[in-house]
Amino acid sequence: MEVLATKTLLIKPGELMLKGDNRNFFEKKLRDNIKSVLNRICLYDFTQESGRYYIIINESAYTEYEIASMLCKVFGIVGVSIAYRIDSDEQNLYNYLSDFCKQVYEKKPYSTFKIATKRADKDFPTQSTDVSKKAGGIVLSAISDIKVDLFNPQITFNIEIRKKHIYIYHEELRANGGMPVGTSGKALLMLSGGIDSPVAGYMMAKRGLLLEAVYFHSEPYTSEKAKEKVIDLAKIIKPYTLLNKLHIIHFTKPQLEIYEKCPHDELTIIMRRVMMYIANEIARRNNCQGIITGESLAQVASQTIESLTVTDDAADFLVLRPLIGMDKTEIVEIARKIDTFETSILPYEDCCTIFVAKHPKTKPILSRIIQSEKVLDIENIIEHCMKNLEVISI
Ligand code: ATP
Ligand code: MG
């Protein structure tokens, strides 16, 4: 007997260890973030039951699998499955499973399997272990020469029994967990064209920060291509970070001024401080509560503990450096996973590499740097940069 089944995306949110109002706040953000992805790509029905979100796609240019992959980038979700929803009835379940396990087998033969049943509806007459046993018998009689393996099965048929419906699925796309973006506030990512800063943005968004980004561009020393590369990186991390604004600072004039007026072995550190002053202003104007950078301890001269101390002094906000204790290989691994790596390694100069001294100070002393910096009119530099600010919607 043919059983009517509706293809449904089954979303598993991460366990929120929160209660009461806080929990509602987190759940609402997650729901909003899921819907903001879906609204752009499909018409859908959305329902929610304890610990699950269900989405039925009514119309879309994308397949369910593609949509599930996009949802896997939403922080707060641990997994997405393409499930089949049938009316909750035990016989209905076995009838459906008998066909379903054969269809799956035809696509990809398996020799071992198990059944995992979750009975969320405690009014359902049969206990989950008994459902699993009966369902296992159905699969064994539908397909010859296969065996049950509870510990290392090639395929797991999941059965979730809810009040009105039963959901059946055999695959789960793993998502990244984390906190829903926006639940931790908003921060400004200093986004260069390199490998590190996009990864830093990804990691802080994973802890619930909504991002805006700033890029310092020094035309003609940095090419239009370098700027496009940063815009591309911003687009690649958008599905994770919900980043929708990239502030571009035209930094040539301040940079030339620093180059002319300041001691050359202090150029890098002074430039980083000036970038911080400007980042402060952007963060303030856009209600950001922190600044994120891709610095990693001892990676280069400007990332010694002394240099970071001097840079920090210029920041009015908490500076978040999620990569601080990571090796390059670990950072690259994440960059590959989130698909920024290939774009990051395109060979366009970033502005810091052009004005660097041959032997930059690796142990700057704050009081000395503040002294050297006095030749600059910082107020004027900030004003100049803010006047020429370019904002790009991502
Ligand atoms: P990345 O790989 O992110 O470019 P990096 O290893 O090249 O980092 P630096 O050039 O010292 O290191 O930059 C350290 C951090 O400062 C970057 O991770 C980024 O957050 C920020 N930064 C550097 N250059 C720029 C820029 N042109 N615009 C915006 N932020 C920048
Ligand atoms: Mg760089």
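Computed from a predicted model, the values in this text were never measured in an experiment. For ligands, and for the atoms within them, numbers begin at 1 and follow the listed sequence.
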Discussion item. Please compare Lys227, Arg272, Glu295 and report which has the shortest non-hydrogen distance to atom 13 (O) of ligand 1.
Written reply: Arg272

Item to complete: For ligand 1, find out whether one of its N or O atoms is nearer than 3.5 Å to an N or O atom of Val214.
Response: no

Worksheet item: Is there at least one pair of N or O atoms, one from Ser197 and one from ligand 1, spaced under 3.5 Å apart?
Response: yes

Worksheet item: Under 3.5 Å, N or O to N or O, is Met275 touching ligand 1 that way?
Response: no

Worksheet item: Can we say Glu90 and Lys134 salt-bridge, meaning some charged N sits less than 4.0 Å from an Asp/Glu carboxylate O?
Response: yes

Worksheet item: Would you say Met190 and ligand 1 have an N/O pair spaced under 3.5 Å apart?
Response: yes

Worksheet item: Tyr105 and Phe113: aromatic ring centres closer than 6.0 Å?
Response: no

Worksheet item: Are any of the heavy atoms in His217 under 4.0 Å away from ligand 1?
Response: no

Worksheet entry | Whether Tyr53 and Phe46 hold their rings parallel, tilted or perpendicular, with breakpoints at 30° and 60° | tilted

Discussion item. Geometry only, no angles: is Gly193 polar-contacting ligand 1 at N/O separations under 3.5 Å?
Written reply: no

Worksheet, complete the sentence: Numbered in order shown, the ligand 1 atoms found under 4.0 Å of a heavy atom of Gly194 are 1 (P), 2 (O), 4 (O)

Item to complete: Examine the proximity of ligand 1 to Gln303 and report which part, side chain or backbone, both or neither, has a heavy atom under 4.0 Å away.
Response: side chain

Worksheet item: Relative to each other, are the rings of His170 and Phe157 parallel, tilted or perpendicular (30° and 60° limits)?
Response: tilted

Item to complete: Report, in ascending order of atom number, the atoms of ligand 1 lying under 4.0 Å from any heavy atom of Gly294.
Response: 17 (C), 18 (O), 20 (O)

Discussion item. If the cut-off is 4.0 Å to any non-hydrogen atom of Tyr215, which atoms of ligand 1 fall inside it?
Written reply: 27 (N), 28 (N), 29 (C)

Discussion item. Ring centres under 6.0 Å, that's the criterion: do Tyr259 and His264 meet it?
Written reply: yes

Item to complete: Consider every N or O of Lys328 and every N or O of ligand 1, then say whether any pair is closer than 3.5 Å.
Response: no

Worksheet entry | Note: Lys102-Glu106 ion pair, threshold 4.0 Å (strictly below) | no

Worksheet item: Between Thr293 and ligand 1, does any nitrogen or oxygen pair lie at a separation below 3.5 Å?
Response: no

Worksheet item: Are any side-chain N or O atoms of Thr340 and backbone N or O atoms of Leu233, one a donor and one an acceptor, separated by less than 3.5 Å?
Response: no

Item to complete: Pick one of side chain, backbone, both or neither for how Val230 approaches ligand 1, counting any non-hydrogen atom pair under 4.0 Å.
Response: neither

Discussion item. With a 4.0 Å cut-off on N to O distance, would you call Asp312 and Arg321 a salt bridge?
Written reply: yes

Discussion item. Looking at Glu228 and Lys235, is there a salt bridge between them, counting it only when a charged N and a carboxylate O are closer than 4.0 Å?
Written reply: no

Worksheet item: What atoms in ligand 1 come closer than 4.0 Å to a heavy atom of Ile195?
Response: 2 (O)

Worksheet item: Can you list the residues that meet the side-chain contact (heavy atoms from CB on, under 4.5 Å) rule with Thr117, with sequence neighbours excluded?
Response: Ile115, Ser128, Val131, Ser132, Ile159, Ile161

